[in-house]
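Here is the structure we will look at, set down as structure tokens.
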Amino acid sequence: MPLTILLPIVVLGIAGIAILLHLTGHSAPVILRDAAQVRREWARHFPADPPDAVWWTPEVALVRLSDGFGLLGRMGADTVAHRLARLEPAPGGLRAGFADFAFPDRHLTLSDSQRDEWLAQWRNRHA
């Protein structure tokens, strides 16, 4: 098949699939709704390390583990989880640092009460 025919077929096919996924709602970002969902999502990433407690917003969750803390965040229609190396105050929320050099620090936008609660949990374990 000539490239002049094959290339438009491939491009239109990929675009069609992307549009179809978007129109059917499969591209909507995940929303963290409750502790049970946070625990399930954490277990997908770290099945051998169940959380002791969780605190969440619709976009991110702090997970207390037996040996530290982790952060569960959304990445499009899926979640991503990493263990925390540090948590410190930042304007409008917190700055989370990770032990994984391939995952950069992340700014977490939180209300003042959420920021204070998450920092208190962190400091109780790391004071």
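In what follows, every heavy atom counts, from backbone to side chain, and hydrogens, waters and symmetry copies are set aside. For reference, positions follow the sequence shown, starting with 1.
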Query raised in the report: For W56, what are the other residues in its hydrophobic cluster, where any two members join if their side-chain heavy atoms are less than 4.5 angstrom apart?
Result: L32, V38, W42, F46, V54, V63, L65, L72
Query raised in the report: So L87 and L71, side-chain contact (heavy atoms from CB on, under 4.5 Å) or not? Walk me through it.
Result: CA-CA 10 Å; L87 196 61; L71 193 71; 5.9 Å; no
Report task. Check whether any side-chain N or O of R39 sits under 3.5 Å from a backbone N or O of P51 as a donor-acceptor pair, and report yes or no. Result -> yes
Requested in this report: Using the test side-chain contact (heavy atoms from CB on, under 4.5 Å), find all partners of A53 that sit at least two apart in sequence or belong to another chain.
Outcome: W55, R64
**Report entry** Residue list, side chain to side chain donor-acceptor pair (under 3.5 Å) with Q114, at least two apart or on another chain
**Finding:** S111
Query - Residue list, salt bridge (Lys or Arg N to Asp or Glu O under 4.0 Å) with R44, at least two apart or on another chain - result: E41, D78
**Report entry** Linked, directly or transitively: L3 and L12 (ILVMFWY side chains, under 4.5 Å)
**Finding:** no
Report summary line: By salt bridge (Lys or Arg N to Asp or Glu O under 4.0 Å), D34 pairs with (sequence neighbours left out) none
**Report entry** Side-chain (E117) to main-chain (S113) donor-acceptor, under 3.5 angstrom
**Finding:** no
**Report entry** Minimum heavy-atom distance between R95 and A90, given as atom pair plus value
**Finding:** N-CB, 3.9 Å
Report task. Could you pull out all residues at least two apart from D100 that satisfy salt bridge (Lys or Arg N to Asp or Glu O under 4.0 Å)? Result -> none
Query raised in the report: Do the non-hydrogen side-chain atoms of E88 and L94 ever get within less than 4.5 Å of each other?
Result: no
Report task. May I have the step-by-step check of side-chain contact (heavy atoms from CB on, under 4.5 Å) for F98 and R86, ending in yes or no? Result -> CA-CA 7 Å; F98 304 94; R86 66 187 176 288; over 6 Å; no
Report task. Identify, with sequence neighbours excluded, every residue that meets side-chain contact (heavy atoms from CB on, under 4.5 Å) alongside V11. Result -> L7
Report task. Evaluate side-chain contact (heavy atoms from CB on, under 4.5 Å) for D67 paired with D49, printing each intermediate quantity in order. Result -> CA-CA 9 Å; D67 63 345; D49 200 3; 3.8 Å; yes
Query raised in the report: Can you name the side-chain contact (heavy atoms from CB on, under 4.5 Å) partners of A43, sequence neighbours left out?
Result: none
Query raised in the report: Mind checking who shares a hydrophobic cluster with I17, ILVMFWY linked at side-chain heavy-atom distances under 4.5 Å?
Result: L21
Query - Stacked cation flag R125 on F69, 6.0 angstrom / 45 deg - result: yes
Query - salt bridge (Lys or Arg N to Asp or Glu O under 4.0 Å) against D116, all qualifying residues, sequence neighbours excluded - result: none
Query raised in the report: What pairs meet the salt bridge (charged side-chain N to carboxylate O under 4.0 Å, His left out) rule with one or both residues in residues 50-60, with sequence neighbours excluded?
Result: E59-R74
Report summary line: With sequence neighbours left out, the residues meeting side-chain contact (heavy atoms from CB on, under 4.5 Å) with I9 are M1, I5
Query raised in the report: Is a side-chain donor or acceptor of H26 paired with a backbone partner of L20 at a separation under 3.5 angstrom?
Result: no
Report summary line: Heavy-atom closest pair (P89 atom, R123 atom, distance to 0.1 Å) is CG-NH2, 3.9 Å
